[in-house]
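Nothing here was measured: the structure is a model prediction, and the numbers come from that model.
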Amino acid sequence: MLSVNTNQGAMVALQTLNKTNSDLAKTQNAISTGLKVASAKDNGAIYAIASKMTSDVGAYDRVRESTDRAASILDTGIAAGESIMELLNEMKGKALAASQAGLSASAQSALAADYAQLRDQITSIGANASFDGANMIGATPNNAVALGDSAGGNAITVNGVSLALGSATITVTAASALDTAGNATTALGLVNASITNLGTQLATWGAGAKRFEVHRTFIGKLQDALTNGIGSIADADLSKESAKLQALQTKQQLGVQALSIANTSSQSALSLFR
């Protein structure tokens, strides 16, 4: 039917052209953003999943930073412990030498003075072994704690231990001296016990440092996996989008021509009245 009031062909052509323009806008947006799901309007479910995963990737940055901080605190404690171990080894030699009978007063005094300096240096190390306000070897030791996951749970903790004079680990006391052979023998026993205790503690801290290292590596791999997962569901395939863009541009041009033809069809009604 030929009508000047209703042009069905034009309506169909217009609907088709509008659909083509909509698809073309989506393709152009995918190419410009690199994302096939850039907003909830594109795909609500995928957008929600990708947003959650993106949030987790960002949260794991904080987990990695927490692990780095905890590892640095522990490294500082280990370095201090190793320094104290060196002092104890020197103190052992002094105590052993001072424990022998028949030493002259001057020799005994010299060994006692050296020992006292080494002993007091332990206190100095303990006072300075801090990182970001945390001291794992102080009289009231702090722990090295790292976040375990993006939810803030499963924390990894390496306990600090006091390495102060007279502590459970460093049994050498502030009053320990080599002023006599008898006192030197007592001091030697305390130094040997301290060396054994500290060696065990350093081994424990070494295992903790390895755990932080493994955790840091795991977090990096987990972030890579999450990032790849986000890309697989949200990133646009630019080769496909490029081909689709060319097809839609051609379709758009044809749609414009079809609409133009449909709009001129009603003019043929004039020929009936000539």
Side-chain angles (χ1 to χ4, degrees), residues 67 69-146 155-215:
T67 303
R69 178 181 181 275
S72 295
I73 293 172
L74 180 55
D75 287 345
T76 302
I78 290 174
E82 291 173 346
S83 295
I84 291 174
M85 181 65 84
E86 293 176 1
L87 291 174
L88 289 172
N89 287 333
E90 289 189 50
M91 290 166 65
K92 180 177 180 177
K94 303 294 182 183
L96 181 61
S99 66
Q100 58 184 318
L103 284 179
S104 64
S106 60
Q108 193 81 41
S109 177
L111 289 170
D114 288 346
Y115 180 88
Q117 290 295 322
L118 296 171
R119 178 199 63 201
D120 293 343
Q121 183 62 23
I122 293 176
T123 300
S124 178
I125 290 174
N128 290 283
S130 296
F131 180 88
D132 193 25
N135 188 327
M136 291 192 69
I137 70 167
T140 304
N142 301 116
N143 298 331
V145 183
I156 298 175
T157 302
V158 177
N159 294 323
V161 173
S162 175
L163 299 186
L165 293 174
S167 64
T169 304
I170 306 300
T171 56
V172 174
T173 66
S176 177
L178 307 184
D179 52 337
T180 66
N183 286 339
T185 299
T186 301
L188 180 60
L190 294 175
V191 170
N192 282 331
S194 299
I195 290 173
T196 299
N197 295 341
L198 182 54
T200 300
Q201 187 57 52
L202 287 174
T204 301
W205 281 346
K210 183 63 177 179
R211 187 179 180 189
F212 282 142
E213 181 180 344
V214 170
H215 186 57

Side-chain contact test, heavy atoms from C-beta onward, threshold under 4.5 Å: evaluate it for [X] versus [Y] and give yes or no.
X	Y	value
Thr76	Ile73	no
Ser194	Thr171	yes
Val161	Trp205	yes
Met85	Leu202	yes
Leu198	Ile84	yes

| task | Apply side-chain contact (heavy atoms from CB on, under 4.5 Å) to the pair Val172 and Tyr115, showing each step before the final yes or no. | result | CA-CA 11 Å; Val172 174; Tyr115 180 88; 3.6 Å; yes
Sub-3.5 Å donor-acceptor pair from the side chain of [X] to the main-chain atoms of [Y], do we have one?
X	Y	value
Asn143	Val145	no
Asn135	Gly126	yes
Ser162	Gly138	yes
Gln121	Leu87	no
Ser167	Ala164	yes

Could you grab the distance from atom [atom1] of [X] to atom [atom2] of [Y], nearest 0.5 Å is fine?
X	Y	atom1	atom2	answer
Gln108	Gln100	CD	CD	8.5 Å
Ser83	Asn128	OG	CG	11.0 Å
Asn192	Met91	CG	CE	11.0 Å
Leu163	Gln201	CG	CD	7.0 Å
Leu190	Arg119	CG	CZ	11.5 Å
Leu118	Lys92	CG	NZ	15.0 Å

| Going through the distances and angles, do Leu178 and Asp114 end up as a side-chain contact (heavy atoms from CB on, under 4.5 Å)? | CA-CA 9 Å; Leu178 307 184; Asp114 288 346; over 6 Å; no
| With sequence neighbours left out, what residues match Asn89 under side chain to side chain donor-acceptor pair (under 3.5 Å)? |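 None.
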Search all heavy atoms of [X] against all heavy atoms of [Y] and return the closest pair with its distance.
X	Y	result
Ala146	Ala70	CB-CB, 3.9 Å
Ala71	Phe212	CA-CD1, 3.9 Å
Ala80	Ala129	CB-CB, 3.6 Å
Thr180	Asn183	OG1-N, 3.0 Å
Thr173	Leu165	C-CB, 4.2 Å
Ala95	Ala184	O-CB, 3.8 Å

| When you look at Leu111 and Leu103, which way does the side-chain contact (heavy atoms from CB on, under 4.5 Å) test go after all the steps? | CA-CA 10 Å; Leu111 289 170; Leu103 284 179; 3.9 Å; yes
| task | Name all residues meeting the salt bridge (Lys or Arg N to Asp or Glu O under 4.0 Å) criterion together with Arg69; count only those two or more places apart in sequence or in a different chain, and write none if there are none. | result |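 Result, salt bridge (Lys or Arg N to Asp or Glu O under 4.0 Å) vs Arg69: Asp132.
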Is there a donor in the side chain of [X] and an acceptor in the side chain of [Y], or the other way round, less than 3.5 Å apart?
X	Y	answer
Thr200	Asn197	no
Ser104	Ser106	yes
Ser99	Thr185	no

| field | Test applied, side-chain contact (heavy atoms from CB on, under 4.5 Å); reference residue, Met136; option that passes from Ile78, Val158, Asp75 | value | Val158
| task | Show the numbers, then the answer: is there a side-chain contact (heavy atoms from CB on, under 4.5 Å) between Thr157 and Asn159? | result | CA-CA 6 Å; Thr157 302; Asn159 294 323; 3.6 Å; yes
